[in-house]
Number of protein chains: 2
Amino acid sequence: MEYEQLKLENQLCFPFYAVSRLIIRAYQEDLDALGLTYPQYLVLMVLWENDNVSVNTIAEKLILNTNTITPLLKRMEVSGLIIRHQSAEDQRKVIVSLTAKGTEFKVLAAEIPYKLIKKLKIEPQEEQIQEALILKKKLYELINLLENIEKQ
Amino acid sequence: MEYEQLKLENQLCFPFYAVSRLIIRAYQEDLDALGLTYPQYLVLMVLWENDNVSVNTIAEKLILNTNTITPLLKRMEVSGLIIRHQSAEDQRKVIVSLTAKGTEFKVLAAEIPYKLIKKLKIEPQEEQIQEALILKKKLYELINLLENIEKQ
DNA sequence: TTTAAATATATCGCACACGATATAAAATAG
DNA sequence: CTATTTTATATCGTGTGCGATATATTTAAA
């Protein structure tokens with residue numbers, strides 16, 4: 001029995017899985033220099049855009065469960081990037097805020113995306129930038145499709 | 001400071017990371033029915049195409065390190081999907097082989113890719129199939145680009 | 001207004017991923 | 001032919017991810 005649909009090279013899921021891990025590996029060197037992990041870097045990106053948000057807000061933006069986010073935030077609190085405090089209005093909510101260190105890291109992190117492009121040894125032309133934007137749009141269409149499965 | 005390149009929505013890395021996890025989540029239900037995890041399913045796909053291969057061959061095909069693969073294979077041996085035995089020619093090599101159970105699972109797993117398409121509620125037309133093939137090609141180009149970073 | 005349901009976060013257990021390191025066997029160099 | 005290097009796999013420690021479950025607070029319902 002051949003089952004073409006079971007061959008690794010015919011899968012769409014596997015290259016997504018591989019690209020995701022390889023991108024994180026590529027970032028690792030620059031993140032290590034800041035003592036960050038990739039998901040911690042994502043949390044910081046959320047906070048740099050909107051500080052003082054609830055645990056749930058971060059979880060929703062990163063499409064992660066609280067059982068992933070909670071210990072992640074605890075480690076980030078230990079390393080002095082953020083602080084967590086209970087909301088006054090709604091005692092169930094835990095508000096996450098950047099520390100001075102967490103805020104300062106934004107300047108250092110700003111170089112990271114450019115460093116990855118340099119590592120890839122590509123010099124994006126207008127055409128390639130447009131292509132990347134189209135790809136990003138398709139990825140978000142896929143995310144929407146995949147997120148709506150669970151709600152059934 | 002705005003730093004457009006640090007906004008989550010401007011990242012290409014994040015949607016890759018999200019899509020990868022969401023696809024695995026979508027597979028979970030069908031894999032659970034077989035008592036498999038996603039990486040175990042990938043290992044089986046490698047073995048269904050080429051049985052009796054070394055640990056390293058599997059690691060290379062899945063772009064995983066042996067410190068991930070070794071315990072993964074051990075768990076698969078415990079659950080009776082594979083057996084591992086030392087190679088006669090090269091005593092360093094450990095050859096991984098499918099058991100009867102591991103072989104039989106191929107028939108059961110053959111439905112999984114179709115089930116995902118059903119869950120997504122899409123009915124792929126020729127046009128969309130072509131689009132998926134182009135996307136897959138792009139993903140493999142990216143994998144090549146990302147794999148070659150490390151070799152420098 | 002007491003009760004039930006929903007919401008927000010945390011805890012537990014298990015299975016990855018991966019950097020760093022160890023160990024044994026094979027290949028190669030001097 | 002012995003010493004060195006390389007190759008193949010395994011071990012250890014840390015940090016995710018996530019299903020299942022617990023706990024506290026808020027909201028809604030009877």
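We name chains A, B, ... by the order of the sequence lines, and we start the count at 1 in each one.
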Most 5' of B:Tyr17 and A:Asp90 on DNA chain D, judged by nearest nucleotide:
B:Tyr17

When we call it a touch if two heavy atoms are under 4.0 Å apart, what does A:Gln40 touch: a base, just sugar-phosphate, or nothing?
sugar-phosphate

So among B:Leu42, B:Ile63, B:Ile23, B:Leu139, which one has a side-chain contact (heavy atoms from CB on, under 4.5 Å) with A:Tyr17?
B:Leu42

Which residue, A:Gln28 or A:Ile69, contacts DNA chain C at a nucleotide closer to its 5' end, judged by nearest heavy atom?
A:Ile69

Nearest-Å distance for atom pair CD1/P, residues A:Ile63 and D:dT16
18 Å

With a 4.0 Å cutoff (strictly under), does any side-chain N or O of A:Gln86 reach OP1 or OP2 of C:dA8?
no

Sort out for me which residue in A:Asn52, A:Thr57, A:Asn56 forms a side-chain hydrogen bond (donor to acceptor under 3.5 Å, both in side chains) with A:Ser54.
A:Thr57

Of D:dT16, D:dT11, D:dA8, the nucleotide closest to the side chain of B:Thr70 is D:dT11

Write down the distance between OH (A:Tyr38) and C1' (D:dG17), rounded to a whole number of angstrom.
14 Å

When all nucleic acid strands are considered with a 4.0 Å heavy-atom cut-off, which category describes A:Asn67: base, sugar-phosphate, or nothing?
base

Whole angstrom is fine here: how far is it from CZ in B:Arg25 over to P in D:dG17?
11 Å

Look at A:Thr66 and C:dT9 and indicate whether a side-chain polar atom (N or O) is within less than 4.0 Å of OP1 or OP2.
no

Of all heavy-atom pairs linking A:Gln40 and A:Arg75, the shortest is NE2-CB, 4.3 Å

Distance test, side-chain N/O of A:Lys74 to OP1/OP2 of C:dT9, below 4.0 Å
no

B:Asn56 CG - D:dA10 P separation (whole Å)
10 Å

Whole angstroms only, please: what is the CD1-C1' distance between B:Ile24 and C:dA15?
12 Å

Ignoring the backbone of A:Lys93, work out which of D:dT11, D:dT25, C:dA8 is nearest its side chain.
C:dA8

The nucleotide from C:dA17, D:dA10, D:dA8 with an atom nearest the side chain of A:Arg21 is C:dA17

Verify the contact: side-chain N or O of B:Asn65 to OP1 or OP2 of C:dG19, cut-off strictly under 4.0 Å; return yes or no.
yes

Any salt bridge between B:Lys138 and B:Glu141, counting N to O under 4.0 Å?
no

Length of the CD1-C1' vector between B:Ile95 and D:dT7, whole Å
14 Å

Most 5' of A:Thr37 and A:Arg92 on DNA chain D, judged by nearest nucleotide:
A:Thr37

A:Glu29 CD to C:dC18 P: how many Å, rounded?
16 Å

Looking only at side-chain atoms of A:Leu64, point me to the closest of D:dG15, D:dG17, D:dT9.
D:dG17

Let me know the distance between CE of A:Met76 and P of D:dG15, rounded to the nearest Å.
13 Å

Any donor-acceptor pair under 3.5 Å linking the side chain of A:Asn65 with the backbone of A:Asn67?
no

Work out which heavy atom in B:Gln86 is nearest to a heavy atom in B:Gln91; give both atom names and the distance.
NE2-O, 2.7 Å

How would you label the contact of B:Leu72 with the nucleic acid (heavy atoms, under 4.0 Å): base, sugar-phosphate, or nothing?
sugar-phosphate

Of all the nucleotides listed (C:dT9, D:dG15, D:dT25), which has the minimum atom distance to the side chain of A:Gln91?
D:dT25

